[in-house]
Amino acid sequence: MIKLYGYDTINTLKVLMFLSETGLDYEFEPINIRAGEQHSAEFRAINPAGKVPVIWDGDMHHTESNSILLSLAHKTGWGLMEDPSLQEQLIAWLFYQASTQGPYFGQIEYWSRLAKAPNSDALVQYKATASRSIEYLNEQLNSKKYICGDTYSIADIALFPWLRIHKHLGLSIEHAENLSRWCDCILERPATQNSLTFFNDIPSQK
Ligand SMILES: N[C@@H](CCC(=O)N[C@@H](CS)C(=O)NCC(=O)O)C(=O)O
């Protein structure tokens with residue numbers, strides 16, 4: 001059975017969404033990153049980077065949420081694109097999410113809520129970058145139901161969690177009609193609702 005080490009984090013939610021879509025059996029092991037459990041010797045033996053999520057798939061430990069999504073998609077045959085050129089796009093979206101959307105949205109969370117010494121310049125800068133990403137995604141979703149076309153994929157799963165909490169980050173997507181519609185459509189999926197129920201019940205949810 002799959003074991004997921006995670007917490008109430010954006011990257012853990014991606015994996016929960018995949019597991020919920022596919023109905024794979026899994027066991028959840030909470031790693032309280034706010035209490036420093038990611039630094040324990042036991043967890044470092046699982047992921048020397050000291051980060052969640054991690055999965056054990058019966059053969060090995062996998063780290064990096066988007067890489068986990070890819071690995072599970074290859075295993076199950078769910079969440080990829082059949083057309084090779086669309087599959088190329090899907091990979092590009094996973095890289096975009098990990099290298100651009102994730103880090104910049106994450107900086108907003110840091111500078112608006114976590115930093116001990118606030119820096120309004122940093123917040124303005126990261127909000128501008130995130131707003132540009134919102135406009136970009138909105139354009140890309142013009143006349144497409146999902147980010148790679150007609151089929152819901154792991155690229156949508158990867159991009160969704162930061163956008164779900166846009167209000168919490170002080171960002172607006174309401175004017176971006178395609179993106180708002182996409183977000184609502186993913187939120188309404190029974191698998192998303194199931195994973196959010198589980199996610200919101202993780203102990204010590206802030
Ligand atoms: N690129 C990694 C990022 C993982 C990551 O940053 N995890 C955070 C929570 S979202 C974490 O474990 N932080 C604990 C720490 O850095 O000490 C992924 O996509 O899985």
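Because only heavy atoms are used, hydrogens play no part in the values below, and waters and symmetry mates are left out as well, while side chains stay in. None of the values given here were measured: they were computed from a predicted structure. In each ligand, atom 1 is the first atom listed, and ligand 1 is the first ligand listed.
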Query raised in the report: If you measure from each heavy atom of A98 to ligand 1, is any distance below 4.0 Å?
Result: no
Report summary line: If we number the atoms of ligand 1 from 1 as shown, the ones under 4.0 Å from a heavy atom of P53 are 20 (O)
Report task. Ignoring angles and geometry beyond distance, decide whether T9 reaches within less than 3.5 Å of ligand 1 through its nitrogen or oxygen atoms. Result -> no
Query - Candidate pair W111 and Q107, rule side chain to side chain donor-acceptor pair (under 3.5 Å), full reasoning - result: CA-CA 6 Å; W111 289 110; Q107 288 293 321; 3.1 Å; yes
**Report entry** F95 atom CZ: more than 12 heavy-atom contacts under 6.0 Å
**Finding:** no
Requested in this report: Would you sort out whether D57 and H62 count as a side chain to side chain donor-acceptor pair (under 3.5 Å), showing the intermediate values?
Outcome: CA-CA 8 Å; D57 68 357; H62 297 261; 2.8 Å; yes
Query raised in the report: At the 4.0 Å heavy-atom cut-off, does V52 count as touching ligand 1?
Result: yes
Query raised in the report: In the protein, what heavy atom is nearest to atom 20 (O) of ligand 1, and what distance, to one decimal place, separates them?
Result: S65 N, 2.8 Å
Query raised in the report: Given S133 and Y96, is the side chain to side chain donor-acceptor pair (under 3.5 Å) satisfied, shown in steps?
Result: CA-CA 10 Å; S133 170; Y96 172 81; 2.8 Å; yes
Report task. Any atoms of ligand 1 less than 4.0 Å from a non-hydrogen atom of Q38? List them with their elements. Result -> 14 (C), 15 (C), 17 (O)
Report task. Using the six-membered ring of Y7, assess whether NZ or CZ of R34 lies under 6.0 Å from its centre and within 45 degrees of the ring axis. Result -> no
**Report entry** Proximity flag N11 to ligand 1, non-hydrogen atoms under 4.0 Å
**Finding:** yes
Query raised in the report: Are there more than 12 heavy atoms of other residues, nucleotides or ligands under 6.0 Å from atom CD of E135?
Result: yes
Query raised in the report: What residue and heavy atom of the protein are closest to atom 6 (O) of ligand 1, and at what distance?
Result: K51 CD, 3.5 Å
**Report entry** Check against side chain to side chain donor-acceptor pair (under 3.5 Å), W182 and N138
**Finding:** CA-CA 9 Å; W182 171 89; N138 190 48; over 6 Å; no
**Report entry** atom 13 (N) of ligand 1: the protein heavy-atom neighbour that sits closest, reported with distance to 0.1 Å
**Finding:** I33 CD1, 4.1 Å
Report summary line: Closest to atom 1 (N) of ligand 1 by heavy-atom distance, out of E64, H39, H62, Q97, is E64
